[in-house]
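Taking it in order: structure first as structure tokens, then the write-up.
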There are 2 protein chains.
Amino acid sequence: MENGSYICAVNSIDMAKATRKKKDPDASAEEKILSAARAVFTRNGYAATTVRDIAAEADLNFSLVNYYFRSKEKLYDLVMKDAIRQLLSGIKDVLNDVHTTPEEKIDLVCVGWIDMLLVHPDLPLFVMNGVANSSNDITKELVENNVFLTSYFVKQLMELHGKGKLKIAPLHLVMNLVSMLTLPFVARHLLLKTGAIDMKIFKAMMEERKTQIPGWIKLMM
Amino acid sequence: MENGSYICAVNSIDMAKATRKKKDPDASAEEKILSAARAVFTRNGYAATTVRDIAAEADLNFSLVNYYFRSKEKLYDLVMKDAIRQLLSGIKDVLNDVHTTPEEKIDLVCVGWIDMLLVHPDLPLFVMNGVANSSNDITKELVENNVFLTSYFVKQLMELHGKGKLKIAPLHLVMNLVSMLTLPFVARHLLLKTGAIDMKIFKAMMEERKTQIPGWIKLMM
DNA sequence: AAATGTATTAAACAATTGTTCAAAAATAAT
DNA sequence: ATTATTTTTGAACAATTGTTTAATACATTT
């Protein structure tokens, strides 16, 4: 890293922190804060989260949050960028594989996406809120992990659509796929709080959808 | 009523500015605060909204907010309950109509729901956030407008499903319907900010989906 | 052991928050 | 016109916020 870069040297105090050597094997404080921030931000959102909440979750003095991450906002941006990557980067690889058919991609995405959401069910709502009022930094992360129009999957679909071998418009197909995969997780509190279903049934349904959604999508094709 | 209630269009940035100026001078202070609260809460959420923000939006002294509504939280509960009603009560009537077939209900719900969301595109995300950390009062409003398991529509579907005249499980059908209708609005900032599509294309696609979603759903049946 | 650098703590900071309250202004009732 | 009631205002409040800073504890290097 360019320690001596004059641009960085302007703010020497901040840079000392930013370029701090992590040779210490006991860097658990920074890690603990980051993972605590992930938990609290995801649970309560940016505005409802305090620096002291994060420190309490990490069981550390609250000054350490600013010591390691300089500000609440910078820490949030970090967490949000990770969340976006977690949400999108997985399906990005699948959809850009040149050796699989569109049908195979759909099968893989459905299983992978739902498996991921079963582990991180709050991620979609968290990211959607973050995107709504996003900084330039976050928008950049979005573009880099964008998968909706630039993927090889969509390219394959557009080719089929041009030949008349695909009924549905590619963008509608992607919308339907993402919608059916994601919204149940976003809206699950509504189902659970009203007593419509319980958590056990919800999980079972999501397991079913791993194989059913590909079938429904293929009916549209 | 319906003067200051959720007046905003799909292009929330432009419309928010346009409608912010022309406030009804004849509206009472209480009404002005309520409609201002609707706008600010829906835009920024509960925690990021201050009583002074609401008063500024209503162009009134900030003490009047507590004078008329006793507390920020009570005002928020009021707005949230209205939002839930706005979101769910419409489709509730359609789905409980004993004189229409399931197919007819699907047609009506798709048009009505998308028309509503084109006028109030921020409503789903706002309500989903509200449900996630909801009070008993709000949960009650949810149950009363619950439509997912108690509706006549689902009853019709379960009867067909029992007779083997419906392939898809009723609950999955409802999930798919609501998902395909709603998620594009929740996730639209992601599409817009990445430059995948612009607002004009988005609106056009939503118009298409009014008639296409019923077709796709019927393929699953 | 001494010196140096890093990690952690506690205290303090100004700014902002929701809420209250008494006085003032406006309106209604007598 | 005088009184009574309601509406509006501005100031004040205690609590909480993110951030900074100086002092302390710990670790590593010399």
By ring-ring contact (aromatic ring centres under 6.0 Å, His included), which residues pair with W216(B), not counting sequence neighbours? H172(A)
To the nearest Å, how far apart are K32(B) NZ and dT7(D) P? 15 Å
By side chain to side chain contact (heavy atoms under 4.5 Å, CB included) - contacts of T150(B) (at least two apart): N146(B)
Rounded off to whole Å, could you give me the CG-to-C1' distance for the L60(A) and dT8(C) pair? 9 Å
Set of residues satisfying salt bridge (Lys or Arg N to Asp or Glu O under 4.0 Å) with respect to R52(B), sequence neighbours excluded: none
Could you list the donor-acceptor pairs under 3.5 angstrom formed between side-chain atoms of residues 54-61 of chain A and any protein atom two or more places apart in sequence or on another chain?
residue, atom, partner, partner atom, Å
E57(A), OE1, R43(A), NH2, 3.4
N61(A), OD1, S63(A), N, 2.9
N61(A), OD1, S63(A), OG, 3.4

Enumerate the salt bridge (charged side-chain N to carboxylate O under 4.0 Å, His left out) contacts for residues 110-133 of chain A, please, sequence neighbours excluded, ordered by first and then second residue. D115(A)-K210(A), D122(A)-R188(A)
Return one dot-bracket line describing DNA chain D 5' to 3' (Watson-Crick or G-U wobble pairs, both distances under 3.5 Å; ( ) same strand, [ ] crossing, | another strand, . none). ||.||||||||||.|||.||||||||||||
Whether each nucleotide of nucleotides 10-25 of chain C has a protein heavy atom under 4.0 Å at its base (B), only at its sugar-phosphate (S) or at neither (-) is summarised, 5' to 3', as BBB----SBBB-----
Under the salt bridge (charged side-chain N to carboxylate O under 4.0 Å, His left out) definition, can you give me all pairs with a residue in residues 83-98 of chain A, not counting sequence neighbours? D82(A)-R85(A), R85(A)-E141(A)
Atom pairs and distances, donor-acceptor, side-chain atoms in residues 195-205 of chain A, under 3.5 Å, two or more places apart:
residue, atom, partner, partner atom, Å
D198(A), OD1, K200(A), N, 3.4
D198(A), OD1, I201(A), N, 2.9

Determine, using ring centers only, whether F126(A) and F41(A) are less than 6.0 Å apart. no
